[in-house]
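Heads up, the thing below is written out as structure tokens.
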Amino acid sequence: MSRFLNVVSVADAITAVMKIAPAMRTETVPLEQCAGRVLAAPVAADTDIPGFDRSVVDGYAVRSSDITGASDAVPALLRCVGRVAMGTGTTNCAVRTGECVYIPTGGVLPEGADAVVMVEYTGITGDTILIKKPVSHGENVLLRDEDFRKGEIVFRPGRKLTPQDTGVLAACGCAVVTVAKKPVVGIISTGNELVPVTSVPGPGQVRDANASMLAAWLTEYGCIPELYGIIKDEREAFEAVISKALPECDLVLLSGGSSKDDRDMTAGVIADKGEVLIHGIALAPGKPTIIGRIAQKPVFGLPGHPAAVFVVLVTIVRPLLDTMLGIEKPLLRTITAILAENIPSQRGREEYVRVRVENGTATPLFGKSGLMHTLITSTGLVCIPAGYEGLEKGREVEVILW
Ligand code: AMP
Ligand code: MG
């Protein structure tokens, strides 16, 4: 009989964690530091962008109706009446019929002109400019507010800002940006057999792989990892470390000790200090996962095996963090691929299988969950929904990328 009597689906686990997500807090950061952060307040353009009609080429500002039919053989002849200087609003040279004005890229389109002819299609004889190609109304011109209108909302909250966004924020006059505070995530490794990475494991010992992996992933995801080291499978040690971590963190992740073995203490300690909401998720690997809450803060008991930890991190912890960060749309990145082999599965139980994707083909990796191999060989996960007796070779599948 299964030791996990109340295994829940991944979808139910995600719903449960989203419900216990602590509320998002905000802070402001300088513009140059906002990339990678999640925007927490809308940003509007404080001015029209561009703020004036401007040329996108070097050439001559003209009235397009003056040069219809201009060609190499029979150029239109226009009198050049001035030059537009960069960085000045007033061009004291309006373009009247039969006239043109030299304009550099980005220059303010003079009054009367409605288009710009590229310098490549022109020639000069004295004051007269030879125009060898017609332009249509508006050609080579960016109109005032064509990018963004003053007051227009350019960014909405919940967006993970990119370096490109920073450029647009700068144009909008946003020197400081309101973003979600980085969640502080406590990381605790449990197990009598664990030794730190700097030790050579003795008989029966293994190096703590989870703490570093969790810290690295969390940092990349926009959190602040707080490492509490390795603790023994002893109740006092569990209680002490949880009591220390809770006030300092927004979320606490323990790894190891999450099964229902006698030594496995996590569930008992969480239950005593708070509540266990879920113990067992239909994930393979990753089934022995605990989701609990102490003093209004989520506390996870993750499996021990690093490969299993990673699967739970991506499928369950990530949606929690998305909620804590106020991310509008979950950031699950997926690709489609053709399955290279059959994946068997028990009907009635949703399952996730790690796959390696190469050239559009997804090969399932059925390795034992205790091996770390798949951490470096897999590309992501394929979900076999409940009710399916596996997936057949040749079928198109959606792969959730790490
Ligand atoms: P447990 O859930 O505590 O029974 O652990 C399951 C397996 O994961 C055991 O083989 C542990 O030695 C291993 N394990 C637990 N924690 C870690 C860790 N931090 N790094 C590497 N392996 C671990
Ligand atoms: Mg253990």
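Values in this document were obtained by computation on a predicted structure and should not be read as measured data. Both counts, for ligands and for their atoms, begin at 1 and track the order of listing.
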Residue pairs passing the ring-ring contact (aromatic ring centres under 6.0 Å, His included) test where at least one lies in residues 34-66, sequence neighbours excluded: Tyr60-Tyr102

Geometric N/O contact Asn210 with ligand 1, under 3.5 angstrom: yes

Atoms in ligand 1 flagged as close to Arg207, the criterion being non-hydrogen separation under 4.0 Å: 20 (N), 21 (C)

Electrostatic pair Glu27:Arg25 at N-O distance under 4.0 angstrom: no

Glu139/Lys133 ion pair, N-O < 4.0 Å: no

Nearest-contact summary for atom 7 (C) of ligand 1 - protein heavy atom, Å: His305 CE1, 3.3 Å

Top protein contact for atom 23 (C) of ligand 1, by heavy-atom distance: Gly304 O, 3.3 Å

Pairs flagged by salt bridge (Lys or Arg N to Asp or Glu O under 4.0 Å) wherever residues 376-402 is involved - sequence neighbours left out: Arg347-Glu389, Glu392-Arg395

Ligand 1-proximal atoms of Glu193, by part, heavy-atom distance under 4.0 Å: side chain

Glu248 versus Tyr228, side-chain donor and acceptor atoms under 3.5 Å: yes

Check ion pair Asp48-Arg144 (N to O, under 4.0 angstrom): yes

Thr379 (side chain) donor-acceptor with Val357 (main chain) under 3.5 angstrom: yes

Ligand 1 atoms in contact with Gly257 (distance to a heavy atom under 4.0 Å): 1 (P), 2 (O), 3 (O)

Under-4.0 Å heavy-atom contact with ligand 1, by part of Ile230 that carries it: neither

Gly191 heavy atom under 4.0 Å from ligand 1: no

Polar proximity ligand 1 side, Ala209 side, N/O cut 3.5 Å exclusive: yes

Under-4.0 Å heavy-atom contact with ligand 1, by part of Pro306 that carries it: side chain

Lys/Arg N to Asp/Glu carboxylate O, Asp165 vs Lys160, below 4.0 Å: no

Sub-3.5 Å N/O-N/O distance, Asp208 and ligand 1: yes

